[in-house]
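This one's a predicted model, so the numbers in the text were calculated from it and none came from an experiment.
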2 protein chains.
Amino acid sequence: MTHAHGDRLRRPTMVDVAQRAGVSLKTVSRVINKSPHVQQDLIDRVLESAAALGFRRNHNASTLRSGLPTATIGLLIEEIANPFYSTIADVAAEVARHHETLLITASSEEDPAREQQLLRDLCARRVDGLLVVPTGADHAFLRPEVELGVPVVFLDRPATGLLADTVLLDNRGGARDGVAGLVAAGHRRIAVLLDSLSVYTMHERVLGAQEALAAAGLAWDPSLVRQDVRDPAAAGRAVAELLDRADPPTAFFALNNRITVGALQELWRRRSDAGLAGFDDFELSHLMPRPLTVVAYDLRAYARTAAELLFGRIGGDHSAPRTVILPTRLVQHPSP
Amino acid sequence: MTHAHGDRLRRPTMVDVAQRAGVSLKTVSRVINKSPHVQQDLIDRVLESAAALGFRRNHNASTLRSGLPTATIGLLIEEIANPFYSTIADVAAEVARHHETLLITASSEEDPAREQQLLRDLCARRVDGLLVVPTGADHAFLRPEVELGVPVVFLDRPATGLLADTVLLDNRGGARDGVAGLVAAGHRRIAVLLDSLSVYTMHERVLGAQEALAAAGLAWDPSLVRQDVRDPAAAGRAVAELLDRADPPTAFFALNNRITVGALQELWRRRSDAGLAGFDDFELSHLMPRPLTVVAYDLRAYARTAAELLFGRIGGDHSAPRTVILPTRLVQHPSP
DNA sequence: ATGAAAGCGCTAACAC
DNA sequence: GTGTTAGCGCTTTCAT
């Protein structure tokens, strides 16, 4: 009864493989790492032994000793279930794969404390670089890592308290175009629905909307602005409230696609012919049962820019930090 | 000129922290790991030193020596940009977080060779467990890992060549219900659109559709079955071809939501009143411009079942492998 | 309560 | 070509 049920066998190491093959540890290392100048005879014996024992090289031990990159990068986003972020993750994984690198994906859920903890956890695992969609919090705690040579690229929002590569959208220009489109369609009372001004992108988009109104000689009416619209249901409620006023708006500008979808649902439910434009395109937007204008952009190119910037840094590019701004374009969807 | 520009400083280690604090390496280890019985005085000195140097404990070295779990699991899916998989990733990360574990997400792109490589890479990083949506290929190569105690849970499709926990949908029952619904609505010529029979879920769903037709006394007409419908555009073309026949079908059953969306677009474009039912719900399905029936299920609960099964195993549950089948339900969406 | 020494699995540096 | 030794950064074991 030497191997009772439940025995947890120790994982075979290079020493085990070497003993079984009758060679030295170093020869096993050479074979496993495909280094040249090893006799074919020994190669065969080592590979046979490794296969028989089910040997798998311990990548963590390997990088610990060699000091080579861990071939792992960290991606910090808000929540992976959101198509915006899952597309970013997809592109990041795709670029990472071209560099034979795996991706640890972590979601901050918009919580700065959680974000900081996750970034520390990623650094503790000695990732080769970080791709971060930051919360609004301070990122100065990352400075030691950056100074020690861990590249960090920020995407979609700038970092605070840290100078690093940043890839952003033309939020202001896109919002300006969206509102200008509504104005061109004859609207004078345009409601604006947003999540929170404390989110960088929202703040920029509000500025763009204000610019467009000002350019048209229209006043910014705070009573037509609804904040804290955090999901489609809230957007629907906001639209309902605004339309039920004595002086309702004739058009709505939604500052992200979740708000757009919720607003659209409520407008359609009422068969309202109010104008609607929204920031971000979304799947099936061209199938919506009523006209809709969206501020669109190439999300995959956006994410690819950031990921390739990161691998450029990992590859040794030590030039000054860059900020890249991606353009947007207005897409009009008529009724289907 | 001791620190010329471009100097890559060595990362501080516990030894560096110890020297600066005037204590031993072991004391630093105790403080960093919050072990008891250390004088407050020394704790303060160590923490000050660690902060000043920007020390970050090397998690890889730590788990190497201690043999403790790496607090990292691997998720292998097909492609993270697909909402089905990104929802799974979200739930997996959520469950992992409750176990203070990070998630490495890798996409096989439905390529068995790539899947095998990725699973090996994950094992090389000594993940504590694997959550796998397998391709059709053989998974016997994972046997050494499983025997060495690395838990593996398969989701959505069973593994071949390996006995392990598996979480599946009631694909057959769901497809049966979907087709039965079309039959109940009076349809006798029902086209079936699918990706590939080599995918487990597709195969099961075809069997369910056949069962429903047989139960209604209807023959299975191979000329109404379209395979290799891999994306919405292909689905649209398949629908167009079938409708342009001399004896067109009066209804369509789409075996996944991408096919459903493509079929719906083409039906709507033609203002066809053909029946449409599809496997999988999708976002905004209730906003589509024409009636639609979907075979729905609780995707988050599905993924949670698998993730919790995995952490049960990681936590020491060595009972016999289980197979769990999640039910589906039929949801009818009238015109909006 | 603190520290010295050994060693996790692997690779670098140097023999032979 | 192959083996021996030391050591990556950390934790364990065992002194004191």
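- The shortest distance between the side-chain N/O atoms of Asn58(B) and the OP1/OP2 oxygens of dC8(D) is not below 4.0 Å.
- Under the 30°/60° scheme for interplanar angles, the aromatic rings of His99(B) and Phe311(B) are found to lie parallel.
- Across all strands shown, Asn33(A) has heavy atoms under 4.0 Å from sugar-phosphate atoms exclusively, and none from any base.
- Residue order along DNA chain C, read from the 5' end via each residue's closest nucleotide, puts His37(B) first among His37(B) and Ser66(A).
- Judged purely by distance below 3.5 Å, without hydrogens or angles, the side chains of Ser319(B) and Asp317(B) pair a donor atom with an acceptor atom.
- For the pair Arg11(B) CZ and dC10(D) P, the interatomic distance rounds to 10 Å; values are reported in whole Å.
- Contact annotation: side chain of Lys26(A) to base of dA12(C), donor-acceptor pair present below 3.5 Å.
- For Gln39(A), the side-chain atoms get nearest to dT2(D) when compared with the rest of dT2(D), dA1(C), dC10(C).
- Following rounding to the nearest Å, His59(A) (NE2) and dG9(C) (C1') show an atom-to-atom distance of 13 Å.
- Using a 4.0 Å heavy-atom cutoff across all strands shown, Leu68(A) reaches no nucleic acid atom at all.
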Identify each atom pair where a protein N or O and an N or O of nucleotides 14-16 of chain D are less than 3.5 Å apart, giving names and distance.
none

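- When the nearest nucleotides of DNA chain C are assigned to Thr27(B) and Ser62(A) by heavy-atom distance, the more 5′-ward of the two goes with Thr27(B).
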